[in-house]
Engineer: 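One structure is given below, represented as structure tokens, and several questions about it will come after.
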Amino acid sequence: MSDAPPRVRFAPAPSGSLHVGGARTALFNWLYARRNGGTFVLRVEDTDADRVTDEAMRVLERSLHWLGLDWDEGPGVGGSRGPYRQTERFDVYRDAAGVLVEGGHAYRCYCTPEELEERRRQAKAADRAPGYDGRCRRLTDEERAAFEAEGRPWALRFAIPEGRSVEFDDLVKGPQHFDYEALRDFVIVRSDGSPTYLLASGVDDLRMGMTHVIRGEDLLPSTPRQLLMFEALGEPAPQYAHLPLILGPDRAKLSKRHGAVAVEWFREHGYLPDALVNYLALLGWSPGNNDEILPRAELVERFDLSAVSRHPAIFDIEKLAWMNGEYLRALSDEEVAAGMLTSLSEAGLVADLDTLRAIAPHVKERMKRLDEAPAMLRFLFSDDVALDEKAEAAVAKVGPDYLRRAADRVASVSPWTVEGITAALDEVAASADLNRSKGWQPVRAAVTGTTVSPPLPESLTLLGRDETVARLRAAAG
RNA sequence: GGUCCCAUCGUCUAGAGGCCCAGGACACCACCCUCUCAAGGUGGAGACACGGGUUCAAAUCCCGUUGGGACUACCA
């Protein structure tokens with residue numbers, strides 16, 4: 001282990017949106033860099049032109065920024081090891097491929113996709129391993145010349161050295177051992193001249209000076225291949241740490257089909273970035289005791305790769321929601337008000353900051369997500385208070401006279417304060433021989449249109465006397 | 001099928017041989033608080049996959065079984 005500052009990277013393919021699995025990988029890399037005074041690099045693996053889009057690139061950057069995972073080198077910030085988009089680095093991969101060919105570690109494969117597919121199918125049918133059979137590696141000079149004369153397109157394959165096995169020590173999985181029989185000759189350059197992941201990602205990790213590669217466990221099988229490639233290139237390899245996967249409720253690798261998995265979705269649905277970061281950090285890592293609410297700074301201080309668990313974790317949105325509520329309650333009224341303003345306007349409601357600031361302490365402990373604000377506060381910012389079913393029932397229970405009396409009594413409250421309103425509501429309830437619970441509920445129903453709301457007197461002070469009286473009379477019919 | 005990874009409450013986990021007839025958190029249930037709903041408080045139910053070893057002693061070490069997952073592309 002060297003003690004030079006570590007260099008780590010997050011290397012996503014911008015196709016679609018950043019989902020929580022990717023975000024967690026980015027987070028662990030970021031935490032490792034921040035914890036150890038290292039450098040966090042963002043590298044864009046956009047070699048697959050068919051799947052990569054500009055929109056996905058924008059979403060990726062926005063998601064990362066929102067999460068607060070800032071990169072020291074990469075798109076937008078530059079750096080000395082750039083460029084950081086693989087489509088701008090094809091010459092680098094070509095050079096590396098050239099070295100491999102010259103050293104006899106890579107060869108041209110003339111098999112067509114159709115032939116490959118057919119042989120794969122046959123192998124499977126015969127219960128044999130479906131990987132590449134190495135046919136073009138054994139071509140005679142004549143056969144090769146014939147293919148060339150024919151103008152057959154070719155791809156470049158890496159030649160797995162025979163009789164070799166690969167050993168390496170994974171920082172989270174421990175000692176690993178792979179026999180060469182399990183490793184098939186893999187394509188490093190496609191017939192269109194573009195590099196594949198195995199080549200591009202591996203070469204970049206070398207050229208960009210990565211000391212540690214922290215990535216998902218789904219890439220564990222590609223590590224021995226890349227290690228063999230580095231050996232052929234004559235260059236030292238970085239250290240590897242493979243993170244256990246994040247699974248859906250069905251225990252399969254988390255993906256879009258599991259529903260809410262995109263970071264953008266959480267941003268749009270009233271989740272706080274700090275809460276998501278905190279939750280994700282706990283998915284596959286634990287500080288070693290029972291602490292769970294760990295602010296970013298503490299995460300950085302306590303993060304330790306060797307404490308990463310080896311088994312996969314199921315993403316539990318319920319627990320995330322709980323944690324989000326915890327973070328919401330820790331926010332200042334000002335911050336909560338600002339957050340609610342946004343979600344309210346997205347719901348088409350025009351609110352003002354002063355009112356929101358005043359109601360914030362009463363609603364933040366009843367919310368788990370900021371986007372619950374519209375449902376909770378609609379009555380304050382909309383004249384439309386059509387009573388829902390339960391509200392109708394609550395009103396019917398006491399009858400119109402009760403509401404008229406309440407309106408009359410409330411109309412005389414002065415000054416319009418929480419204390420004054422409370423006294424008035426209590427009086428009205430007492431006059432009908434009702435306790436607060438039974439006496440206030442019809443008022444809540446008439447004024448808010450629902451049977452659930454922030455504390456009533458506090459809500460009414462903000463609604464205003466005239467509007468309160470008007471709604472009581474309206475409900476009385 | 002092959003290769004590899006993994007295995008503590010429903011879920012996330014603590015546990016690195018005796019401190020564990022297994023602790024915390026989410027969710028769930030009950031009670032308390034209470035103007036509704038929450039939040040908060042108290043209590044409850046709930047797990048070491050199974051079988052063999054090793055050891056005075058195993059959730060912890062070894063082997064096997066079972067179960068789950070990943071990979072097996074000219075995707076990353």
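Just so we're clear, the structure is a prediction, and the values are computed from it rather than from any experiment. Letters go in sequence order (proteins before strands), and every chain restarts at 1. Any value given below was found using the heavy atoms of this structure, including those in side chains, with hydrogens, waters and symmetry copies removed.
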Engineer: Are there any protein N/O atoms within less than 3.5 Å of an N/O atom in nucleotides 67-74 of chain B, and if so, which ones and at what distance?
Structural biologist:
residue	atom	partner	partner atom	Å
B:rA70	OP1	A:Lys253	N	3.4
B:rC71	OP1	A:Lys253	NZ	2.9
B:rC74	OP2	A:Arg157	NH2	3.3
B:rC74	O2	A:Ser191	N	2.9
B:rC74	O2	A:Ser191	OG	3.2
B:rC74	N3	A:Ser191	OG	3.1
B:rC74	N4	A:Cys111	O	2.9

Engineer: How would nucleotides 24-37 of chain B be written as a contact map, 5' to 3', with B for base contact, S for sugar-phosphate-only contact and - for no contact, using protein heavy atoms under 4.0 Å?
Structural biologist: BBSS-------BBB
Engineer: Give one of base, sugar-phosphate or nothing for A:Gly325, where a contact means two heavy atoms less than 4.0 Å apart.
Structural biologist: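 A:Gly325: no heavy atom of the nucleic acid under 4.0 Å.
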Engineer: Nearest whole angstrom, please: distance from the C1' of B:rA76 to the CG of A:Leu220.
Structural biologist: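 It is 15 Å, rounded to the nearest whole Å.
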Engineer: Looking at every strand, decide which applies to A:Gly216 at a 4.0 Å heavy-atom threshold: base, sugar-phosphate, or nothing.
Structural biologist: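 Counting heavy atoms under 4.0 Å across all strands, no contact is made by A:Gly216.
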Engineer: Figure out the CZ/P separation between A:Phe178 and B:rU3, and round it to whole Å.
Structural biologist: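 The answer, rounded to whole Å, is 12 Å.
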Engineer: State which residues pass ring-ring contact (aromatic ring centres under 6.0 Å, His included) with A:Tyr84; sequence neighbours excluded, sorted by chain then number.
Structural biologist: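 Here no residue qualifies.
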Engineer: CG of A:Asp46 versus P of B:rA76: gap in Å, rounded?
Structural biologist: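 Roughly 10 Å, once rounded to whole Å.
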Engineer: Could you check how far CG of A:Leu377 sits from P of B:rA38, rounded to whole Å?
Structural biologist: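 In whole Å, B:rA38 P lies 16 Å from A:Leu377 CG.
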Engineer: For nucleotides 45-48 of chain B, print each protein N/O atom paired with a nucleotide N/O atom at under 3.5 Å, atom names and distance only.
Structural biologist:
none

Engineer: Where does the angle between the aromatic ring planes of A:Phe168 and A:Phe178 fall among parallel (under 30°), tilted (30 to 60°) and perpendicular (over 60°)?
Structural biologist: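 Correct class here is parallel.
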Engineer: Applying side-chain hydrogen bond (donor to acceptor under 3.5 Å, both in side chains), name anything that partners A:Arg144, two or more places apart in sequence or on another chain.
Structural biologist: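 side-chain hydrogen bond (donor to acceptor under 3.5 Å, both in side chains) list for A:Arg144, sorted by chain: empty.
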Engineer: Contact class for A:Thr448 vs. all strands (heavy atom < 4.0 Å): base, sugar-phosphate, or nothing?
Structural biologist: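 The residue A:Thr448 makes no contact with any strand.
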Engineer: With sequence neighbours excluded, what pairs up with A:Phe303 under the ring-ring contact (aromatic ring centres under 6.0 Å, His included) test?
Structural biologist: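 A:Phe303: ring-ring contact (aromatic ring centres under 6.0 Å, His included) contacts with A:Phe28, A:Trp285.
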Engineer: Side chains of A:Arg444 and A:Gln441: donor-acceptor distance under 3.5 Å anywhere?
Structural biologist: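 Yes.
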Engineer: Establish, yes or no, whether a centroid distance under 6.0 Å links the rings of A:Tyr132 and A:Phe158.
Structural biologist: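 When the ring centroids of A:Tyr132 and A:Phe158 are compared, they turn out to be at least 6.0 Å apart.
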Engineer: With A:His311, which residues qualify under ring-ring contact (aromatic ring centres under 6.0 Å, His included), at least two apart?
Structural biologist: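 Scan of A:His311 (ring-ring contact (aromatic ring centres under 6.0 Å, His included), adjacent residues dropped) gives none.
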Engineer: So, do A:Glu115 and A:Arg135 sit near enough that their side-chain heavy atoms are less than 4.5 Å apart?
Structural biologist: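 A side-chain contact is absent here, since even the closest heavy-atom pair is not under 4.5 Å.
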Engineer: Not counting sequence neighbours, which residues clear side-chain hydrogen bond (donor to acceptor under 3.5 Å, both in side chains) with A:Glu88? List them please.
Structural biologist: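 In terms of side-chain hydrogen bond (donor to acceptor under 3.5 Å, both in side chains), with neighbours along the sequence ignored, A:Glu88 is linked to no residue.
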Engineer: For the backbone of A:Phe379 and the side chain of A:Ser382, can you confirm whether one donor and one acceptor N or O come within less than 3.5 Å of each other?
Structural biologist: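 Pair absent, no side-chain N/O of A:Ser382 close to backbone of A:Phe379.
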Engineer: Which residues satisfy the side-chain hydrogen bond (donor to acceptor under 3.5 Å, both in side chains) test with A:Gln86, sequence neighbours excluded?
Structural biologist: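 Here the qualifying residues are A:Glu45, A:Asp204.
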Engineer: Side chains of A:Ser194 and A:Asp192: donor-acceptor distance under 3.5 Å anywhere?
Structural biologist: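 Judged by distance alone, the side chains do pair up.
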Engineer: Taking only side-chain nitrogens and oxygens of A:Gln176, does any of them come within less than 4.0 Å of OP1 or OP2 of B:rC4?
Structural biologist: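 No, A:Gln176 has no side-chain N/O under 4.0 Å of OP1/OP2 on B:rC4.
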Engineer: If we take the P atom in both B:rU66 and B:rA30, what is their distance in whole Å?
Structural biologist: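 Approximately 43 Å lies between the P atom of B:rU66 and that of B:rA30.
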Engineer: What integer number of Å spans the C1' atoms of B:rG10 and B:rG53?
Structural biologist: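 Taking atom C1' in both B:rG10 and B:rG53, they lie 33 Å apart.
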Engineer: Rounding to an integer number of angstrom, what distance separates B:rA7 and B:rC48 when you compare their C1' atoms?
Structural biologist: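 Roughly 10 Å separates the two C1' atoms.
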Engineer: Between B:rC9 and B:rG44, how many Å separate the two C1' atoms, rounded to a whole number?
Structural biologist: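 14 Å, rounded to whole Å.
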Engineer: Going by number, which of residues 15-23 of chain A have a non-hydrogen atom under 4.0 Å from RNA chain B?
Structural biologist: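 Contacting residues: none.
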Engineer: Contact class for A:Ser309 (heavy atom, under 4.0 Å): base, sugar-phosphate, or nothing?
Structural biologist: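 It contacts sugar-phosphate atoms only.
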Engineer: If you look only at pairs with a residue in residues 219-228 of chain A, which of them pass as a side chain to side chain donor-acceptor pair (under 3.5 Å), with sequence neighbours excluded?
Structural biologist: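 For residues 219-228 of chain A, and leaving out neighbouring residues, the side chain to side chain donor-acceptor pair (under 3.5 Å) pairs sorted by first residue read A:Arg215-A:Thr223, A:Arg215-A:Gln226, A:Thr223-A:His242.
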Engineer: Taking atom P of B:rC12 as reference, at what distance in whole Å does atom CG of A:Leu254 sit?
Structural biologist: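 After rounding, the reported distance stands at 13 Å.
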Engineer: Atom CZ of A:Phe10 and atom P of B:rA76: how far apart are they, to the nearest Å?
Structural biologist: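 Taking atom P of B:rA76 as the reference, CZ of A:Phe10 is at 15 Å.
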Engineer: Give a yes or no on whether the backbone of A:Arg43 and the side-chain of A:Trp71 come within a donor-acceptor separation of less than 3.5 Å.
Structural biologist: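 Not a single qualifying donor-acceptor pair exists.
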Engineer: Please give the distance between the P atoms of B:rA45 and B:rG2 as a whole number of Å.
Structural biologist: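 Nearest-Å result for B:rA45 against B:rG2 at atom P: 45 Å.
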Engineer: Test of understanding: with ring-ring contact (aromatic ring centres under 6.0 Å, His included), list the residues that count as partners of A:Trp440, not counting sequence neighbours.
Structural biologist: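 Listed in chain order: nothing, the list is empty.
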Engineer: Quickly work out the A:Leu243 CG to B:rC5 P distance and round it to whole Å.
Structural biologist: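 About 17 Å, once rounded to whole Å.
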Engineer: Taking atom C1' of B:rU13 as reference, at what distance in whole Å does atom CZ of A:Arg310 sit?
Structural biologist: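 Computing the A:Arg310:CZ to B:rU13:C1' distance gives 13 Å.
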